[in-house]
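These notes concern the structure reproduced below.
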Amino acid sequence: NAGVTQTPKFRILKIGQSMTLQCTQDMNHNYMYWYRQDPGMGLKLIYYSVGAGITDKGEVPNGYNVSRSTTEDFPLRLELAAPSQTSVYFCASSYSRQGEDTQYFGPGTRLTVL
Amino acid sequence: KNQVEQSPQSLIILEGKNCTLQCNYTVSPFSNLRWYKQDTGRGPVSLTIMTFSENTKSNGRYTATLDADTKQSSLHITASQLSDSASYICVVSAKSASKIIFGSGTRLSIRP
């Protein structure tokens, strides 16, 4: 099993550009999550999904969108990138909902917006 | 307000020495507490999980303790190795709304 994979590993965007961060898991997990990790801060939940076709906002959803068309994939879309979105983004998955089950994290995408 | 605070922010120790990392939380109602290890450039990996009734949980050279009365947890690392160099994150789950709160982590460096 590859676990949770994320692409790209690094990306530099100009202000106002858009991009999609890809996330795929091969563990047949129902739950998937997107977090951002800023220097010296704990991970913050952006969006999560409890299954294909179902998504919901987390703590810091503004400026992001997600979709979940399959169990395996959970892409994160950034529209009109802003410097405040410079961060490391982690995708995670779990069999049952967060807090009840161990989450498995991808390697992260380091995004810089200039 | 639900919060998780970790100390120290960073720690440097010599290889072979022991160390203890601290986690204080105000999350309520408490469900469980996890410790994660995050290597540089990687995602967090779960080390231990403890529920309200558990005081101690071990995973090899890692031993986590939980005092639910004082809302404190510690992670003790025995006979440290260079590969223990990483950030250690305390994560507390609340029963309501499946909410989890991440601490900001302790960055541990092991020197040869």
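Sequence lines set the chain letters: A, B, ... in the order given, protein chains first and strands last, and positions in each chain run from 1.
Within a 6.0 Å radius of CE in A:M41, no more than 12 heavy atoms belonging to other residues, nucleotides or ligands are found. Counting non-hydrogen atoms of other residues, nucleotides and ligands closer than 6.0 Å to CD1 of A:I15 gives a total above 12.
Between the B:N2 side chain and the B:S28 main chain, a donor and an acceptor come within less than 3.5 Å of each other. The backbone N or O of B:T70 sits less than 3.5 Å from a side-chain atom of B:D67, completing a donor-acceptor pair. Within the 3.5 Å criterion, the main-chain N or O of B:S83 finds no donor-acceptor partner in the side chain of B:Q81.
Only the side chain of B:I89 has a heavy atom closer than 4.5 Å to any heavy atom of chain A. For A:Q6, no part lies under 4.5 angstrom from a heavy atom of chain B.
Counted by atom type alone, A:Y64 and A:Y89 present one or more donor-acceptor pairs between their side chains at under 3.5 Å. Looking only at atom types and distance, the side chain of A:T24 has a donor-acceptor partner in the side chain of A:D73 under 3.5 Å away. In this model, no donor atom of one side chain and acceptor atom of the other lie less than 3.5 Å apart for B:T56 and B:T65. For the residue pair A:Q103 / A:S94, no side-chain donor-acceptor distance below 3.5 Å is found, with atom types taken as modelled.
Note: A:Y33 and A:F90 fail the aromatic proximity criterion, with ring centroids not under 6.0 Å apart. Checked against the 6.0 Å centroid threshold, B:Y36 and A:F105 count as a close aromatic pair.
Ranking B:G41, B:S46, B:P44 against chain A, the residue ahead of the rest is B:P44, based on heavy-atom pairs under 4.5 Å.
Of all residues spanning residues 4-24 of chain B, none has a heavy atom less than 4.5 Å away from chain A's heavy atoms. Among residues 103-112 of chain B, the residues having any heavy atom closer than 4.5 Å to a heavy atom of chain A are, in sequence order, B:G103, B:S104.
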